[in-house]
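Below: the structure, in structure tokens.
Just so we're clear, the structure is a prediction, and the values are computed from it rather than from any experiment. Every number for a ligand or one of its atoms is a count from 1 in the order of the listing.
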Amino acid sequence: MEAKSSQMVGKTNDNNKVGVIETWLRKHRLIFTGATRHPFTLSIRDGTVDFKSFKKWLGQDYIFVRAFVPFIASVLVKASKESDDSSDIEVILSGMASLNDEIAWFKKEASRFGVSLTSVVPQKANVDYCRFLESLMSSEVEYPVAMTAFWAIEAVYQESFAHCLEEGSKTAEELKETCQRWGNEGFGRYCQSLQNIANRCLEKAPDDLVSKAEVVFLRVLEHEVEFWNLSRLEA
Ligand SMILES: Cc1ncc(CN)c(N)n1
């Protein structure tokens with residue numbers, strides 16, 4: 001999985017040109033690493049995580065995932081209007097389908113860990129992140145910008161949880177299913193498809209739109225770090 005991360009950074013397109021996203025990943029490597037190697041997920045990986053932190057994350061993430069559904073629906077609408085490749089729709093739809101499974105999984109996992117999802121109060125960082133998603137749902141936000149955010153949101157989870165499954169990790173048995181959910185190879189391929197779509201759109205986009213997408217990418221990383229921080233018991 002580590003190899004996959006470095007492949008992601010060095011990937012070139014059909015013309016052997018490094019994609020826009022790969023350029024950003026190089027430029028903002030430290031910030032990306034801050035989101036994908038957060039103390040919370042690193043504590044899952046080294047087996048020291050406090051299960052109370054895990055339960056806190058689980059409840060908050062359930063709320064986030066419910067807000068993520070209409071965001072993906074809005075990306076689907078943008079794709080149907082603005083995309084020049086009809087296969088984008090299939091990739092986005094597969095993301096919607098996996099969210100359906102994800103919601104069912106959260107309910108099952110919450111009951112296994114004794115977390116009552118109906119009484120979870122969304123914390124400020126979660127509310128802020130959901131508001132940010134809502135702002136991206138506006139019809140004024142262009143498809144390449146929304147697609148960049150979509151890719152970045154999924155990629156942070158994929159990179160973070162794949163790391164918890166790599167050789168040498170000491171992830172507790174009870175948490176392996178969680179790590180598999182986002183760290184499995186199929187999810188990795190899905191993230192790569194999202195990245196390819198975003199790259200293709202960005203390569204054809206005017207410079208001001210590419211800059212806008214870069215800012216959105218960085219904001220996603222900030223929100224993801226704040227979100228992981230919610231797992232802190234004092235937060
Ligand atoms: C905060 C957050 N970011 C990303 C994902 C992956 N869908 C998630 N479940 N939660």
[atom]: the protein heavy-atom neighbour that sits closest, reported with distance to 0.1 Å:
{"atom": "atom 10 (N) of ligand 1", "result": "Asp61 OD1, 2.6 Å"}
{"atom": "atom 7 (N) of ligand 1", "result": "Glu154 OE1, 2.7 Å"}
{"atom": "atom 8 (C) of ligand 1", "result": "Tyr157 CE2, 3.3 Å"}
{"atom": "atom 3 (N) of ligand 1", "result": "Glu224 OE2, 2.7 Å"}

Glu102 near ligand 1 by a heavy-atom separation under 4.0 Å: yes
Report the relative orientation of the aromatic rings in [X] and [Y]; use parallel for angles under 30°, tilted for 30 to 60°, perpendicular for over 60°.
{"X": "Trp228", "Y": "Phe40", "value": "tilted"}
{"X": "Phe161", "Y": "Trp57", "value": "tilted"}
{"X": "Trp182", "Y": "Tyr157", "value": "perpendicular"}

Using a 3.5 Å distance criterion without hydrogens, assess whether the side chain of [X] forms a donor-acceptor pair with backbone atoms of [Y].
{"X": "Lys56", "Y": "Leu230", "value": "yes"}
{"X": "Arg37", "Y": "Leu42", "value": "no"}
{"X": "Arg112", "Y": "Glu174", "value": "yes"}
{"X": "Ser80", "Y": "Val77", "value": "yes"}

Going by the atom numbers of ligand 1, which of them fall below 4.0 Å from some non-hydrogen atom of [X]?
{"X": "Trp182", "value": "6 (C), 7 (N), 9 (N)"}
{"X": "Ile153", "value": "3 (N), 4 (C)"}
{"X": "Val65", "value": "9 (N)"}
{"X": "Phe68", "value": "7 (N)"}

Sub-3.5 Å N/O-N/O distance, Tyr129 and ligand 1: no
